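Remarks on the structure that follows.
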Amino acid sequence: MTQFQAREDGWAVAARVGVVVPHADVGPESELQAMAPRDVSVHGSRVHFGAMRPGGEMDPKIPHDPVRAFIDPPFIDDAVELLAAAPLDSIALGFTSSAYVLGADGEQKLFERLADRTRGIPLTGTTHAAAAGFRALGAERIALVNPPWFDDELSALGASYFGERGFDVVHHGPCGLPSNQKLITPEALVQWIESTVAPQRPQAVLVAGNGIRAVGTIAGLEERIGFPVLTANQVLFWHALHLAGGTAAAARITEYGALFGVRPEDAATADATAGTPVHAPVHAPADAPADAPARGAAVGAAR
């Protein structure tokens, strides 16, 4: 009788990353799954976001009250607690605008509040991760490309947030594309950044907003404009993966920008806390190849 060979079933993983998303938004999970190596799993939890309607529909400019309400207790606290009940290695908050409204200090207080619900699992958020990404890349002069559904006031709050974190914001504003998630194409986003943002010569650019289609542009856009491109879901996944002890898995992601070639300052601390050597993945299957390809690599490679 021949030896039984089980098919891949998703149980043997290097890291499990949880993500909290607005209830009607499929963007964060879609893009995280596209970037994830085969041995990294993504697990979602949802919180009602008053600015979104069924089907992911939104007004051309989202009102600010639902943005703030999204991170008020108890709903996001409960969503984080439910995720943390699962055997996860890190938790990521997949939204941007609420951190803009809170500011850097307010975001830190949010993290401290949610820490009571995480069972000690490391937690990060999009803007916090972006600041870590800029520092890891050595970028001080930055540009912010916000979704078209952010108004000028919300965009200015984003610039203020990164100013509080010590960055020189040389450009910020809603991108001049249709204010509809389904109508934004990678080609149009690349063209807008090339024509409007690149002439400002930042050291790096962040395409903010976790609901904007962006990760497929990163590699090709970096080649065209000559400086690092960060996007909301890319930098969130990068930071969450390192906090999960998945440094080796992150290093295998080669089609989604220069960011995956560097490590956040807090990665070594996270690896040590997890009780594993730096560079060693947690939950690593014994038979996982060192060069296991990322899911969706061909998408990122297409120019």
Side-chain angles (χ1 to χ4, degrees), residues 1-47 78-94 117-124 129 210 213 215-216 218-219 233-257 259-260 263 267 270-271 273-302:
M1 180 179 294
T2 60
Q3 183 178 1
F4 177 75
Q5 181 66 47
R7 300 294 190 270
E8 182 177 325
D9 59 12
W11 281 83
V13 295
R16 294 186 175 95
V17 175
V19 58
V20 180
V21 301
H23 73 289
D25 194 355
V26 298
E29 291 152 307
S30 298
E31 295 200 332
L32 265 61
Q33 288 169 354
M35 292 180 286
R38 294 172 64 89
D39 58 350
V40 173
S41 58
V42 177
H43 307 268
S45 184
R46 311 193 104 68
V47 176
D78 293 344
V80 167
E81 183 174 19
L82 288 172
L83 265 181
L88 302 179
D89 299 300
S90 66
I91 296 174
L93 305 181
R117 304 288 197 101
T118 64
R119 288 194 311 116
I121 297 171
L123 180 142
T124 188
N210 300 77
R213 183 181 179 184
V215 298
I218 296 169
N233 293 318
Q234 170 230 36
V235 76
L236 182 66
F237 186 55
W238 167 82
H239 199 223
L241 192 51
H242 280 286
L243 292 180
T247 299
R252 298 200 306 269
I253 301 174
T254 59
E255 296 292 341
Y256 292 96
L259 180 66
F260 283 99
R263 295 180 57 182
D271 286 333
T273 302
T276 60
V278 174
H279 295 295
V282 296
H283 304 317
D287 59 349
D291 59 348
R295 288 195 299 267
V299 175

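Bear in mind that the values here come from a model prediction, so they are computed numbers and not experimental data.
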Which heavy atom in [X] sits nearest to a heavy atom in [Y], and how many Å separate them?
{"X": "A249", "Y": "V40", "value": "CB-CG2, 3.8 Å"}
{"X": "A79", "Y": "V47", "value": "CB-CG2, 3.5 Å"}
{"X": "Y256", "Y": "Q234", "value": "O-NE2, 3.0 Å"}
{"X": "V26", "Y": "S30", "value": "O-OG, 2.7 Å"}
{"X": "R16", "Y": "S41", "value": "CG-OG, 3.1 Å"}
{"X": "A129", "Y": "V235", "value": "O-CG2, 3.3 Å"}

Backbone N/O of [Y] and side chain of [X]: donor-acceptor pair under 3.5 Å:
{"X": "W238", "Y": "A250", "value": "no"}
{"X": "E255", "Y": "A219", "value": "no"}
{"X": "D89", "Y": "A15", "value": "no"}

Distance in Å, [X] [atom1] paired with [Y] [atom2], rounded so as to fall on 0.5 Å steps:
{"X": "I91", "Y": "L123", "atom1": "CD1", "atom2": "CG", "answer": "6.0 Å"}
{"X": "L241", "Y": "M35", "atom1": "CG", "atom2": "CE", "answer": "10.0 Å"}
{"X": "E81", "Y": "L83", "atom1": "CD", "atom2": "CG", "answer": "11.0 Å"}
{"X": "H239", "Y": "L259", "atom1": "NE2", "atom2": "CG", "answer": "10.0 Å"}

>> Between D39 and R252 (salt bridge meaning N to carboxylate O under 4.0 Å), is one present in this structure?
In response: yes

> Is D78 salt-bridged to R117, going by a charged N under 4.0 Å from an acidic O?
Replying inline: yes

> Going through the checks in order, is the side chain to side chain contact (heavy atoms under 4.5 Å, CB included) test met by T118 and V80?
Replying inline: CA-CA 7 Å; T118 64; V80 167; 3.7 Å; yes

Side-chain touch [X]/[Y], heavy atoms, less than 4.5 angstrom:
{"X": "V19", "Y": "L93", "answer": "no"}
{"X": "E29", "Y": "H43", "answer": "no"}
{"X": "I253", "Y": "F237", "answer": "yes"}
{"X": "V21", "Y": "N210", "answer": "no"}

> Which residues pass the ring pair (Phe, Tyr, Trp, His ring centres under 6.0 Å) test with H23, sequence neighbours left out?
Replying inline: H48

> Got a sec, which residues hit side-chain hydrogen bond (donor to acceptor under 3.5 Å, both in side chains) with S90, two or more places apart in sequence or on another chain?
Replying inline: none

>> Among residues at least two apart in sequence or on other chains, which ones pass side-chain contact (heavy atoms from CB on, under 4.5 Å) with R213?
In response: E31, P186

